[in-house]
Amino acid sequence: MPKSRQSAPLAQPPPLYQTSQSQTSSLSIAQQFSPLPFSPTHQSRKVPRSLDTSNSDFPEFLLPPQTGLSSPTTSFIQSPFSPGLTSPYFSRRPGATNFILGSQRAFIQRKTLTEIQIFTNTQYNQLKFLCSSRTISPYDSEVWEIMLGSEKFPTTNSGQDAYDVEMATVSLAIEFASNNKKTANFNTLLLHTLSQMRRVIDPEFHGEIPIEAYNSLFLVRVFSKHFIGNLSRDEIHQQFEGNHTILAETPKFNGVESKIDENSRVQIDLNPKKLIIDPEVIQDTRPKAEQLMDGLLKVILNLDPILNASTYEYYQECLNILLVLLSTQIHQPNASPIENNYFLNILSSNFGDSVNSLTKRLVTNFIEQKAPPPSSTSVVYNAYSYLFPSRSSATLPSDPPPISERSLLVLLLLSVQCRAPGEKAKDFREGIRSLKDAQGMGESDMAVSFRVLYQLICRQLPNEEICLILYLLMIENEEFRVYVLSRLDPEILLLQILRLLYDGVDGKTNYSQMYILLTILLLFSQDEVFNENIQKISISYQPWFTERLLKSVSLGGLTYLVLIRIIQFNLNSHRDVYFHNNCLATMANLGNSIQDIHSYVAQRLVSLFDLVAKRYQRSREKAQQQGEDENSDAVAIYGDLDLFTHFQLHPRFSELIANIDNVISYFHARISEANLKSPSAEEISELIETAARTWPPGRLKEFPDLKFQYEEESESQEFFCPYVWALIYRHTWIYWDENKTHILNDYIIHEEMEASSVQIV
């Protein structure tokens with residue numbers, strides 16, 4: 001397949017934001033935004049202790065909580081952030097309403113700071129102290145234990161939760177970024193997070209995830225997201241690797257005895273009642289950002305997420321923070337090389353050995369579709385059951401469980417990255433290439449069930465991320481491609497693809513998704529056996545095909561009809577060369593195996609030729625009159641389709657036209673010889689069938705079969721990276737500020753252009 005002569009425009013995404021008027025029901029506003037059926041304070045654990053609150057050295061959050069919820073402060077210190085940091089009091093784009101259409105198809109209500117109640121009074125006081133100008137000693141285990149172990153911070157289970165967490169911590173993050181240069185409180189928080197990770201991934205660890213482990217990870221994720229969205233690369237580095245001189249003091253473990261083992265490693269009793277920093281975390285000479293990435297990967301690779309409700313929440317939060325760390329890219333104007341993205345570079349440069357194992361684990365998480373454990377105390381499970389009640393198999397595919405969905409999005413994001421020219425580092429495309437079918441492979445390190453993976457793709461294909469993983473598997477993994485193309489039931493997958501493409505003309509399918517589906521269709525058509533099979537499979541009435549009632553048509557014929565519809569749609573509106581080339585290449589590949597073509601398919605082909613020929617002639621004449629290049633895109637988009645009778649003398653088409661003329665003349669002569677008066681269609685068809693049996697061989701000039709192969713553009717990440725980030729934007733319970741997601745700018749601009757486009761007759 002020749003490369004496109006121009007870059008394919010980005011897709012028209014579903015609305016990122018939308019006013020609420022069109023979807024309001026008879027319910028009151030209070031009913032529409034009623035809270036989920038579980039306590040907003042989530043799980044809490046009271047730490048029994050007796051404290052002398054008269055001691056003024058104790059921070060404010062150690063005092064008994066006041067009644068009611070205190071209002072977050074709205075005073076801002078001198079901000080190190082960019083001026084673009086938005087306040088929840090202001091809309092992010094002119095004319096925006098107070099309601100946002102969230103990624104989980106639920107409205108997000110904009111609130112003032114006093115209305116946000118995502119944190120309890122105690123939690124908010126803790127956060128204020130953490131972000132203040134007071135230094136909390138890394139070895140003051142009592143203070144850190146109260147801060148991280150008294151109450152569990154919320155799990156963001158909806159777009160509203162994510163929005164509330166974001167807005168409740170905006171001013172705190174500004175303060176934190178400024179004060180951390182002196183206090184290093186974020187660095188200490190990170191050390192506790194790493195220490196808890198080591199505890200969780202210990203092979204001897206079993207049971208519930210400690211609240212301290214979840215809380216520390218949650219807080220690192222929340223504040224890292226603010227830092228990444230507002231600070232430069234060097235400033236992000238400073239926050240993670242900043243002032244660690246405070247850690248050089250002699251460790252004070254509050255009476256906990258330590259010793260040196262035979263391997264010169266510090267052994268310390270990590271008593272859950274004493275929240276201390278693991279000495280090995282401090283002694284690790286690697287950058288703390290690298291240690292964090294290492295810990296996250298080890299949790300993802302080794303922890304069983306469905307061991308209990310707490311492990312599911314912790315595992316999900318690890319995937320959340322991984323997406324947040326990689327989001328340095330979403331704030332850039334384009335898909336710049338990995339080297340320009342701080343955490344992406346750390347991952348690709350230092351963890352190449354984990355590519356295969358991480359790829360397999362993420363694919364396995366997707367395949368297994370493990371829902372949160374059905375525990376009455378599980379906040380995630382309650383929210384998931386509330387938001388996504390059980391559906392019958394006859395409805396649209398249900399949303400995948402959170403861990404399955406996030407695992408797939410992480411894999412997609414890592415697989416569409418590019419490196420600087422000449423880089424030899426292993427990428428995640430290689431991980432996808434290395435996947436093997438578990439059937440007959442025994443205990444291969446990269447074995448997954450292609451059968452289950454294929455069935456899952458067929459079941460969830462309308463989801464855009466499913467289309468994208470199918471594309472990556474088809475283009476990168478030869479074994480999976482052979483598995484798909486050798487199946488005896490190609491109609492199961494192909495009919496879904498055809499329906500999505502057919503609906504795309506009416507705007508029901510995202511344009512980016514249509515690009516991916518057309519490419520998948522082209523990849524299918526490159527296999528001759530597949531082409532022959534779909535010509536032999538008869539398809540009964542399809543209710544979604546509304547152009548004409550077809551009681552029976554071959555699967556190949558139906559493919560032609562859908563492609564013709566897309567070509568006509570493209571000529572009338574987009575005139576996109578990518579659509580044009582892919583459709584024609586697929587039709588050419590299928591044409592080598594076509595047989596027993598349906599009369600309606602033949603009619604549509606001739607009608608298309610007639611339409612295109614007239615437009616080609618007009619465009620060519622106009623180009624000649626204006627002195628333009630006859631091979632320009634404006635003309636060439638019609639040039640590949642010609643009505644033969646007008647181009648017998650055209651050097652590009654003369655030999656092809658001669659063959660067509662021979663066929664027409666031969667059958668016209670046979671019909672004339674029959675001398676039928678007012679013949680019916682059936683009589684004409686019988687004459688043609690009889691005449692075909694005596695067709696003289698060698699009458700036509702032979703040409704080599706047209707075969708087109710898909711070739712991915714060298715700069716394909718310019719399309720794929722914004723597309724994947726748009727999926728992450730819409731499909732994760734993480735709040736992303738549209739004003740700062742610069743990589744989506746072209747994506748959103750294209751949406752507005754498409755909305756205002758008109759058809760050209």
Side-chain angles (χ1 to χ4, degrees), residues 80 135-136 138-139 173 176-177 179-201 213 216-249 251 265-266 277-301 317-329 331-332 336-355 358 410 413-414 417 419-420 423 425-427:
T135 298
I136 309 175
Y139 306 110
F176 205 8
N179 291 331
N180 190 57
K181 299 174 183 177
K182 177 175 70 75
T183 66
N185 286 347
F186 179 77
N187 307 93
T188 305
L189 173 65
L190 186 56
L191 294 176
H192 279 292
T193 303
L194 295 173
S195 299
Q196 292 297 317
M197 276 186 172
R198 288 177 56 83
R199 181 179 174 187
V200 169
I201 61 178
S216 59
L217 187 66
F218 172 84
L219 293 178
V220 168
R221 191 257 290 182
V222 168
F223 289 110
S224 294
K225 184 177 180 300
H226 285 293
F227 298 159
I228 289 170
N230 295 279
L231 302 179
S232 67
R233 187 182 189 280
D234 291 341
E235 289 170 329
I236 294 171
H237 173 82
Q238 178 64 27
Q239 294 296 333
F240 277 81
E241 315 299 338
N243 185 10
H244 285 286
T245 57
I246 192 171
L247 301 177
E249 62 183 82
R265 294 182 303 176
V266 178
I277 297 173
D278 191 327
E280 291 196 18
V281 171
I282 300 175
Q283 295 168 5
D284 194 328
T285 59
R286 295 178 299 169
K288 293 301 178 283
E290 183 179 339
Q291 290 185 49
L292 177 60
M293 189 66 70
D294 186 27
L296 290 172
L297 296 184
K298 286 179 178 176
V299 171
I300 293 171
L301 290 173
E317 192 60 33
C318 285
L319 292 171
N320 285 342
I321 192 174
L322 183 56
L323 286 170
V324 165
L325 295 179
L326 301 180
S327 70
T328 51
Q329 188 174 58
H331 301 292
Q332 299 191 12
S336 57
I338 289 176
E339 289 71 17
N340 298 338
N341 295 278
Y342 184 58
F343 292 99
L344 271 169
N345 189 45
I346 289 174
L347 177 59
S348 63
S349 300
N350 299 286
F351 299 97
D353 292 342
S354 301
V355 165
L358 183 58
V410 169
L413 179 62
L414 295 175
Q417 299 301 323
R419 296 194 63 86
E423 276 289 341
K426 189 173 185 179
D427 62 26

Backbone of I346 reached by a side-chain donor or acceptor of E290 within 3.5 Å | no

Side chain of T193, backbone of S216: donor and acceptor closer than 3.5 Å?
-> yes

Is there a side-chain contact between F351 and L358 (heavy atoms, below 4.5 Å)?
-> no

Given N341, which of R233, Q332, H331 fulfils the side-chain hydrogen bond (donor to acceptor under 3.5 Å, both in side chains) condition?
-> Q332

Between L414 and L344, which heavy-atom pair has the shortest distance, and what is it?
-> CD2-CD2, 4.2 Å

Rounded to the nearest 0.5 angstrom, the CD1-CE distance for I321 and M293 is 9.0 Å

Point-to-point distance, once rounded to the nearest 0.5 Å, from CG of N320 to CZ of F218 | 10.0 Å

Side-chain touch I277/T188, heavy atoms, less than 4.5 angstrom = yes

Please examine the side chains of L189 and L219, heavy atoms only from C-beta on, and report whether any two atoms are closer than 4.5 Å.
-> yes

Would a 4.5 Å heavy-atom cut-off, applied to side chains only, mark I300 and L322 as touching?
-> yes

Do F227 and E235 come close enough that some side-chain heavy atom pair is under 4.5 Å?
-> no

Rounded to the nearest 0.5 Å, the CD atom of E241 sits from the CG atom of L190 at a distance of 8.0 Å

Intermediate values then yes/no, side-chain contact (heavy atoms from CB on, under 4.5 Å), L325 and I228 = CA-CA 8 Å; L325 295 179; I228 289 170; 4.2 Å; yes

For the side chain of S195 and the backbone of D278, is there at least one donor-acceptor N/O pair under 3.5 Å apart?
-> yes

R221: partners by salt bridge (Lys or Arg N to Asp or Glu O under 4.0 Å), with sequence neighbours left out | E317

Hey, mind stepping through D294 and R286 against side-chain contact (heavy atoms from CB on, under 4.5 Å) and telling me if it holds?
-> CA-CA 10 Å; D294 186 27; R286 295 178 299 169; 3.1 Å; yes

Mind running side-chain hydrogen bond (donor to acceptor under 3.5 Å, both in side chains) on N180 and Q239 for me, showing each step along the way?
-> CA-CA 7 Å; N180 190 57; Q239 294 296 333; 3.0 Å; yes

Would a 4.5 Å heavy-atom cut-off, applied to side chains only, mark Q329 and L413 as touching?
-> yes

Check whether any side-chain heavy atom of S224 lies under 4.5 Å from a side-chain heavy atom of F186, and answer yes or no.
-> yes

Between NZ on residue K225 and CG on residue N230, distance to nearest 0.5 Å | 8.5 Å

Begin from the C-alpha positions of V281 and H192 and carry the test side-chain contact (heavy atoms from CB on, under 4.5 Å) through to its verdict.
-> CA-CA 9 Å; V281 171; H192 279 292; over 6 Å; no

In Å, rounded to the nearest 0.5 Å, how long is the span from CD of Q238 to NZ of K181?
-> 7.5 Å

So C318 and L217, side-chain contact (heavy atoms from CB on, under 4.5 Å) or not? Walk me through it.
-> CA-CA 8 Å; C318 285; L217 187 66; 3.7 Å; yes

Could you tell me if the ring centre of F240 sits under 6.0 Å from that of Y342?
-> no

Less than 4.5 Å apart, any side-chain heavy atom of K288 and any of L292?
-> no

Spatial distance of atom CG (L191) from atom CD (Q291) [nearest 0.5 Å] = 8.0 Å

